[in-house]
Amino acid sequence: MQPIEPSFFNISTLELAEKLIGHVIIHELPSGILSGRIIETEAYQGPEDRAAHSFNNRRTPRTEIMFHKAGHVYTYQMHTHTLVNVVAGPVGVPHAVLIRAIEPQTGIEQMQKNRGPMITKHNLTNGPGKLTQALAISMDYYGHHWSQRPLYISNKASTAEIERSPRVGIRNTGDAASYLWRFFEKNNPYVSKFR
DNA sequence: TTTAAGATGCCC
DNA sequence: GGCATCTTAAAC
């Protein structure tokens, strides 16, 4: 498996969110390789998107990386969890694509250890906070680039039938709550639960 | 300076 | 339904 070309990310944010599905996230660790197919994403389009951290071009230490080139890693803390995004859009336009779920591929035993013995089956990676724990993606990767080892996205993807829906877990955001900016692979058991 | 609200997930 | 506990904004 080879890393993706940085130019891959130079497409519209919605297009990127859809195209990322089927690509593989690979994390190469000294102890072994952890990987999984992306099967669920959400687009966040900063300036005009009330649900985005970068709404109205809000620029803080947390959102800073979204103003940089597409393809960077945007990690942030949500309560006790780490969530991971792919920065999208041109330089200066703070868009991102949230990785919401993956289908484990390599290193499933290690992912099980990372998640804990009580976690079963699809609960391993069927949520944005769950997959980062399974793949051992921490805040240390903030500002990393998805085309670089040891954490990268594959250049090849397996095709799949894709569905759309409103985004998960956003409220009090007016019209933004109904935008169909969530993409997921049809009939995949690792798709996260709608809240 | 303090408080409330999340792009969540696990336990009761 | 509660709670853990990090960042940010808005209330004091």
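Just so it is clear: chains get the letters A, B, ... in the order the sequence lines come, proteins before strands, and each one is counted from 1. In this text the structure is predicted, and so the values were computed from the model without any measurement.
In this model, the phosphate group of dT8(B) is approached by a side-chain N or O of R100(A) to a distance below 4.0 Å at OP1 or OP2. In this model, the phosphate group of dC10(B) is approached by a side-chain N or O of R115(A) to a distance below 4.0 Å at OP1 or OP2.
Following rounding to the nearest Å, E42(A) (CD) and dA7(B) (C1') show an atom-to-atom distance of 6 Å. As a whole-Å value, the separation of R195(A) CZ from dA7(B) C1' is 9 Å. Protein atom CE of M118(A) is 16 Å distant from nucleotide atom C1' of dC12(B), rounded to whole Å. At whole-Å resolution of the value, CE in M139(A) and P in dT8(B) are 16 Å apart. To the nearest angstrom, C1' of dG9(B) lies 17 Å from CZ of F194(A). In this structure, Y76(A) places its OH atom 7 Å from P of dA7(B), rounding to the nearest Å. One can place CG of N172(A) at 16 Å from P of dA4(B), the figure rounded to the nearest angstrom.
Cluster note: V168(A) groups with F194(A) through ILVMFWY side-chain heavy atoms spaced under 4.5 Å, whether in direct contact or through intervening members. Through direct or indirect side-chain contacts shorter than 4.5 Å among Ile, Leu, Val, Met, Phe, Trp and Tyr, F184(A) is connected to I39(A), Y190(A), V191(A).
Judged by distance alone, with hydrogens and angles left aside, the side-chain atoms of E5(A) form no donor-acceptor pair with the main-chain N or O of S147(A) at under 3.5 Å. Proximity of a side-chain donor or acceptor of E28(A) to a complementary backbone N or O of R149(A) within less than 3.5 Å is not detected. A distance-only check finds a donor-acceptor pair linking the side chain of H144(A) to the backbone of L151(A) [under 3.5 Å]. Not a single donor-acceptor pair under 3.5 Å links the side chain of W146(A) to the backbone N or O of P3(A).
Identified under the ring pair (Phe, Tyr, Trp, His ring centres under 6.0 Å) test for residues 152-180 of chain A, with sequence neighbours left out: Y179(A)-W181(A).
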Exercise. Can you give one letter per nucleotide of nucleotides 4-11 of chain C, 5' to 3': B if a protein heavy atom sits under 4.0 Å from the base, S if only from the sugar-phosphate, - if neither?
Worked result: BSSSSS--
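Only the P atoms considered, dT5(C) is 24 Å distant from dT1(B), to the nearest whole Å.
Contacts of I170(A) with the nucleic acid, taken as non-hydrogen atoms under 4.0 Å apart, involve only primed sugar atoms and P, OP1 or OP2.
The distance from the CD1 atom of I153(A) to the CD1 atom of I99(A) is 6.0 Å, given to the nearest 0.5 Å.
Consecutive Watson-Crick or G-U pairing (both distances under 3.5 Å) extending over three or more pairs maps onto DNA chain B as B:1-6 with C:6-11, B:8-11 with C:1-4.
DNA chain B is contacted by I119(A), G127(A), P128(A), G129(A), K130(A) of residues 119-133 of chain A, taking any non-hydrogen atom closer than 4.0 Å.
A side-chain donor from one of Q77(A) and T82(A) sits under 3.5 Å from a side-chain acceptor of the other.
A tilted orientation is assigned to the rings of F8(A) and H23(A), their planes being inclined by 30° to 60°.
Contact check on E42(A) versus R167(A) returns no salt bridge, with no Lys/Arg side-chain nitrogen under 4.0 Å from an Asp/Glu carboxylate oxygen.
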